[in-house]
Amino acid sequence: MPELPEVETIKNTLKRFVLDKTIDTIDIQWPNIIKEPNDTEHFKTLLQGQTIRELSRKGKFLMFYFDDVVLVSHLRMEGKYSVYDSSEPIKKHTHVTFRFTNGEELRYNDVRKFGTMHVYPRGKEFLNKPLNQLGPEPFDEAFSLDYFYQKLKKTDRYIKSTLLDQTIVTGLGNIYVDETLFRAGVHPLKRASKLSKKEVKAIREQAINTLEEAVRAGGTTIRSYVNGQGDMGMFQQELYVYGQENKACKNCSNTITKMKIGGRGTHICTSCQKL
DNA sequence: GGAGTTGTTGTACC
DNA sequence: GGGTACAACAACTC
């Protein structure tokens, strides 16, 4: 499940395979991936002849900057990008193929078909959905303690659900929310508005620390994540609670439990995280 | 074979 | 209308 650290790693590893490559033709096997423009022929027209100049990331979104347009791509649960020689056979779950003028192909594979692609003129990408709804990056100055505290004060939702809300802070998904709350010692069922400033400070700092460490480890591979050159992440070895149910807490030896909050699997140590 | 799994959006409800 | 909750999307694993 690519969250911020995985997308950051994909961006960095995919770069050397795609920068300065020019798109010749595009095949679309599953049109539902393409959200903007809603006509796939128009999508192809906008990208054909364009050269990839830079890769970028905002939250969990990967962005390809071309000469005149930007491709904004979300991988959702299982989306992957890889570069192949065009002679290699297409896989079962390849849904979009960008054929470069040099005979190589950037292929988008997605078992679940949940990923999305939006194309906008350069400069318009942040004015339109999906990027225009996103809150600050965890590493941005805009994600200050004061900003975060004021935002959390305004909502009665569980802190677990609130941290998954990308309009508050962008980049955290289910894995890193559980890890952040464990490290901060905060129970996921606490109401966001009821948290003390000390708790909010701990959550903010642990979110930043956790994501930084995960970026350094090249992301977390639970089932299928690999980066832009096919390597797994290493951060799964550092997880305290996610996927650790029935195991001993690394901090206190209490048994890690799993519950459901807002429809999402949630992992906690009830000894380290009290309500 | 039904439940669980995931992120975001659209929609329904108060 | 804002805040919130949840179905829907899709397919594979257990």
Side-chain angles (χ1 to χ4, degrees), chain A residues 1-8 10 28-38 57-63 72-81 91-96 108-118 120 125-126 128-135 137-138 150-181 188-194 207 211 214 219-226 233 235-236 239 241-246 256-268:
Chain A
M1 298 138 260
E3 306 178 29
L4 185 153
E6 290 74 35
V7 181
E8 177 69 16
I10 291 167
I28 299 170
Q29 284 83 8
W30 186 255
N32 289 1
I33 304 273
I34 315 297
K35 304 297 184 187
E36 176 67 36
N38 54 20
R57 178 192 60 72
K58 169 83 179 183
K60 306 175 192 173
F61 289 87
L62 179 65
M63 293 130 81
V72 180
S73 174
H74 198 300
L75 306 172
R76 294 295 174 95
M77 272 76 83
E78 308 227 24
K80 291 175 191 54
Y81 280 102
K91 290 178 184 166
K92 182 181 174 188
H93 298 296
T94 299
H95 305 309
V96 184
Y108 178 70
N109 299 285
D110 188 345
V111 169
R112 307 286 276 280
K113 299 179 173 173
F114 267 20
T116 60
M117 295 184 191
H118 295 74
Y120 292 109
E125 65 274 23
F126 288 107
N128 294 284
K129 64 181 181 183
L131 295 184
N132 65 349
Q133 301 284 22
L134 298 181
E137 286 271 310
Q150 293 307 324
K151 276 283 184 185
L152 294 186
K153 260 249 172 315
K154 284 186 205 151
T155 180
D156 293 325
R157 285 176 294 169
Y158 302 126
I159 184 60
K160 161 87 185 193
S161 310
T162 309
L163 289 178
L164 286 171
D165 180 349
Q166 303 293 303
T167 69
I168 309 260
V169 58
T170 182
L172 293 165
N174 212 30
I175 297 172
Y176 296 113
V177 166
D178 283 5
E179 292 299 307
T180 294
L181 288 174
L189 281 177
K190 282 203 173 175
R191 300 285 175 175
S193 60
K194 299 284 194 330
L211 290 169
T220 303
T221 297
I222 297 296
R223 319 162 10 103
S224 64
Y225 159 75
V226 291
F235 196 71
Q236 59 278 11
L239 298 175
V241 287
Y242 187 90
Q244 309 299 307
E245 57 269 31
N246 302 321
I256 304 295
T257 54
K258 185 173 181 182
M259 60 191 299
K260 203 144 205 154
I261 299 178
R264 296 291 172 237
T266 302
H267 311 73
I268 55 171

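Protein chains get the first letters and strands the later ones, always in sequence-line order, with residue 1 at the start of each. Basis for what follows: all heavy atoms, side chains included, without hydrogens, waters or symmetry-related copies.
In this structure Tyr81(A) satisfies the ring-ring contact (aromatic ring centres under 6.0 Å, His included) test together with Phe64(A), Tyr108(A), sequence neighbours excluded. Applying the ring-ring contact (aromatic ring centres under 6.0 Å, His included) test to Phe114(A) and every residue at least two apart in sequence or in another chain returns nothing. Applying the side-chain contact (heavy atoms from CB on, under 4.5 Å) rule to Lys129(A) yields the partners Tyr120(A), Asn132(A); only residues at least two apart in sequence or on another chain are considered. Checked against salt bridge (Lys or Arg N to Asp or Glu O under 4.0 Å), Glu36(A) has no partners two or more places apart in sequence or in another chain. Considering only residues two or more places apart in sequence or on other chains, Thr180(A) meets the side chain to side chain donor-acceptor pair (under 3.5 Å) condition with none of them. Partners of His118(A) according to the ring-ring contact (aromatic ring centres under 6.0 Å, His included) rule, which considers only residues two or more places apart in sequence or in another chain, do not exist here. Taking the side-chain contact (heavy atoms from CB on, under 4.5 Å) definition, one finds that His74(A) meets it with Lys60(A), Phe61(A), Arg76(A), Thr116(A), sequence neighbours left out.
Residue Arg112(A) has its side chain nearest to dA10(C) when only dA10(C), dC12(C), dG7(B) are considered.
Atoms NE2 and CD1, from His267(A) and Ile261(A) in turn, are 11.0 Å apart once rounded to the nearest 0.5 Å. For the atom pair Thr266(A) OG1 and Lys260(A) NZ, the distance stands at 9.0 Å (nearest 0.5 Å). Rounding to the nearest 0.5 angstrom, the gap separating the CZ atom in Phe235(A) from the CD atom in Glu179(A) is 6.0 Å.
An angle of 50°, rounded to 10°, separates the two end axes of the helix from dG2(B)-dC14(C) to dC14(B)-dG2(C), each defined over five pairs.
Here Asn32(A) reaches the OP1 or OP2 of dA10(C): one of its side-chain N or O atoms lies under 4.0 Å away. Put simply, His74(A) has a side-chain N or O that comes within less than 4.0 Å of OP1 or OP2 on dT8(B). Side-chain N/O atoms of Lys260(A) include one lying less than 4.0 angstrom from OP1 or OP2 on dT5(B). Applying the 4.0 Å criterion to OP1 and OP2 of dC12(C), one finds that Lys113(A) has every side-chain N and O outside that range. The side chain of Lys35(A) contributes no N or O atom lying less than 4.0 Å from OP1 or OP2 of dC9(C).
Proximity of residues 173-181 of chain A to DNA chain B (heavy atom under 4.0 angstrom from any strand atom) is restricted to Gly173(A), Asn174(A).
Residue-level contact check: Asp110(A) touches neither bases nor backbone, having no heavy atom under 4.0 Å from any strand. As judged by a 4.0 angstrom heavy-atom cut-off over every strand, Gln166(A) is placed among residues touching the sugar-phosphate backbone only.
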Pull out every protein N or O sitting under 3.5 Å from an N or O of nucleotides 2-7 of chain C, one pair per line with the distance.
from   : atom 1 : to        : atom 2 : distance (Å)
dT4(C) : OP1    : Thr155(A) : OG1    : 3.1
dT4(C) : OP1    : Asp156(A) : N      : 2.7
dT4(C) : OP2    : Thr155(A) : OG1    : 2.9

At a cut-off of 3.5 Å, list every protein nitrogen or oxygen paired with a nitrogen or oxygen from nucleotides 9-14 of chain B, distance to 0.1 Å.
from    : atom 1 : to        : atom 2 : distance (Å)
dG10(B) : OP1    : Lys129(A) : NZ     : 3.1

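Under the salt bridge (charged side-chain N to carboxylate O under 4.0 Å, His left out) criterion, the residue pairs touching residues 158-173 of chain A are Arg157(A)-Asp165(A), Lys160(A)-Asp178(A), with sequence neighbours excluded.
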